[in-house]
Amino acid sequence: ETVDVTGQFLLPGAIDVHVHFREPGYTHKEDWRTGSAAAAMGGTTTVFEMPNTNPPTRSVKELRQKQEAAAKAHVDYGIYGLLAEDNIDELQGLIDGGVNAFKCFMGNTFGNLPSPSTGAMLEGFEIIAPSGLRISLHAETASIMAWRQKRLMEAGRNDPLAHIAARPAIVAAEAVSRAAELAEWTGARIHILHISSAAELRPLAAAKARGVEITGETCPCYLLLDSRDYARLGSIIRVNPPVREASDSEAIWAALQSGVIDMIATDHAPHTVEEKTRDVIWQADCGFPGVETQMPLMLNEVSKGRMTLEHYVAISAENPAKSFGLWPHKGRIETGAHADIAVVDMNRTETIRAEALHSRGKITPFEGVSVTGVPIHTLVRGRFVQRDRKLVPETSGWGRQVTSIQAMPKPTIRNADQTLAASLQAPAITAEGAGP
Ligand code: NCD
Ligand code: ZN
Ligand code: ZN
């Protein structure tokens, strides 16, 4: 198979560490075939898929179910295990069973998984830290949001902007700083998902400065949309955490440029058109598809001169690979060289249309946006999964689970002698030892 790529750019395929493919459990929204087809069409060659499916990926049993569903993928993938209050005793099994990372929902979101107490989180961090696997945080503090939403609902607020009011940036900033404390204490590697506010950047930068193993991502919606878009988009824009003020997106752009934010991910969160378009904001599902539109939207920013192509490669492929243990060889030494490539045409202009998306979620806040810079071919381990803007349908099943971490040095475990597991084993203090 050959194609003429004269005048095109060959980029490493994007590695998107934050997608929801909904299978098992919510396949009317998406499944592994449609979600990974969207990835292939978007120039993304590896995705890390989230555990808020039904059942959630809470033990080895559900991990095996997910691996079965994922076998139809067009692109390579990592699988997240859940870190929650009720599966602490399953974490080691998930590590041994081959999860690529963990997600901890500090605040409620789609799937309504209860957020763990800080005590349960600490024990979870202690268990996961020695594995070196990264723990990704949905960093929003549940108790603040629940209180504010209750007060807003009592006051009869049900318009789209009430979603921001229920989740002011303190919600995220408080959670980031608490997660960073736990990571520093335990030596766990952590990652802050979907950074949406200027306020989160201070605890993130401070944690980095004192040597905490912490990385951060933002998503196109936080860079390209702001509160002025709520009137136009209504409930479509509803996402957790919310799209905020223009000053927040300015700060997020600056943090991406300076390296405080390490990478771009999509939080690809498909729902049906009906689930997204509701008159009462509290009834609209949160999130929207993104894995197919990320690369065109960001290449469009490259076209406009807002970032260099080299920087885009760093935040879309290099930094996620380093952070999630896929550097330098993606952990799959047995396959030899892996040509995961997006061929991009920086002169091609397209208009984003929800109905043309390969995701089952045919709705996007970027409807009608014209983008210059499009991935026209995608190769996963040397094989075309997208060719000339067309999916190669027979590559369903070509995707493989990646292996995280072997290439990364083991982290230093701090305070190992004070873990809950160590404390449970400590001998009782005897009467003689207690002094006079
Ligand atoms: C995500 C989803 O729908 O699964 N929704 C969202 O608004 N981001 C869940 C999440 O990542 O919070
Ligand atoms: Zn989340
Ligand atoms: Zn998400």
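Note that the coordinates shown come from a computational prediction; the quantities given were computed from them, not determined experimentally. One-based numbering, in listed order, for ligands and for the atoms of each. Numbering of residues begins at 1 and proceeds along the displayed sequence.
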Within the structure, is a non-hydrogen atom of Met50 found at a distance of less than 4.0 Å from ligand 1?
no
Cys286 heavy atoms within 4.0 Å reach ligand 1 at atoms 3 (O), 5 (N), 6 (C), 7 (O)
In the structure I gave you, are the side-chain heavy atoms of Met346 and Val374 within less than 4.5 Å of one another anywhere?
no
Got a sec, which residues hit side-chain hydrogen bond (donor to acceptor under 3.5 Å, both in side chains) with Arg202, two or more places apart in sequence or on another chain?
none
For N/O/S atoms only: which one belongs to Asp267 and is nearest the Zn ion (ligand 3)?
OD1
Under a 4.0 Å threshold between the charged nitrogen and the carboxylate oxygen, would Lys29 count as salt-bridged to Asp285?
yes
To check you understand the geometry: which heavy-atom pair defines the closest contact between Trp398 and Val380, and what is its length?
NE1-O, 2.7 Å
Should you measure from each heavy atom of Val239, which atoms of ligand 1 turn up under 4.0 Å away?
7 (O), 8 (N)
Considering only NZ, NE, NH1 and NH2 on the basic side and carboxylate oxygens on the acidic side, decide whether Arg306 and Glu250 come within less than 4.0 Å.
yes
May I ask you to check whether His18 brings an N, O or S atom to under 2.8 Å from the Zn ion (ligand 3)?
yes
Do the charged groups of Glu154 and Lys150 touch, with an N to O distance under 4.0 Å?
yes
Would the His271 and Tyr26 ring centres measure less than 6.0 Å apart?
no
Which protein heavy atom lies closest to atom 8 (N) of ligand 1, and at what distance to 0.1 Å?
Asp267 OD2, 2.6 Å
Residue Asn52 vicinity, atoms of ligand 1 by number, heavy atom under 4.0 Å
2 (C), 4 (O), 9 (C)
Write out the residue and atom name of the closest protein heavy atom to atom 1 (C) of ligand 1, then the distance separating them to 0.1 Å.
His20 NE2, 3.6 Å
Please could you name the atoms of ligand 1 that Arg22 approaches to less than 4.0 Å, counting only its heavy atoms?
2 (C), 3 (O), 4 (O)
I'd like to know if the side chain of His20 pairs up with that of Glu30 as donor and acceptor (distance under 3.5 Å, no hydrogens or angles considered).
no
In terms of atom number and element, which parts of ligand 1 are under 4.0 angstrom from non-hydrogen atoms of His138?
10 (C), 12 (O)
Using a distance-only test with no angle check, is there a side-chain donor-acceptor pair under 3.5 angstrom linking Thr186 and Glu126?
no
Look at the N, O or S atoms of His138, main chain and side chain alike, and state whether any lies under 2.8 Å from the Zn ion (ligand 2).
yes
Measure the distance from atom 10 (C) of ligand 1 to every protein heavy atom, then report the residue, atom name and distance (to 0.1 Å) of the closest one.
Thr109 OG1, 3.4 Å
Whether Arg210 and Glu181 form a salt bridge (side-chain N of Lys/Arg under 4.0 Å from carboxylate O of Asp/Glu) is what I want to check.
yes
Suppose we only allow N, O or S atoms; which atom of His20 ends up nearest to the Zn ion (ligand 3)?
NE2
Atoms in ligand 1 with a heavy atom of Lys103 nearer than 4.0 Å:
10 (C), 11 (O)
Contact partition for His271 relative to ligand 1, non-hydrogen atoms under 4.0 Å
side chain
Is Lys103 close enough to the Zn ion (ligand 2) to have an N, O or S atom under 2.8 Å?
yes
Please, which pairs that meet salt bridge (charged side-chain N to carboxylate O under 4.0 Å, His left out) have at least one residue in residues 79-108, sequence neighbours excluded?
none
For atom 7 (O) of ligand 1, find the nearest protein heavy atom and state the residue, atom name and distance (0.1 Å precision).
Asn240 N, 2.8 Å
Mark up the atoms of ligand 1 that fall under 4.0 Å of a heavy atom belonging to Ala269, in ascending order.
1 (C), 2 (C), 3 (O), 5 (N)
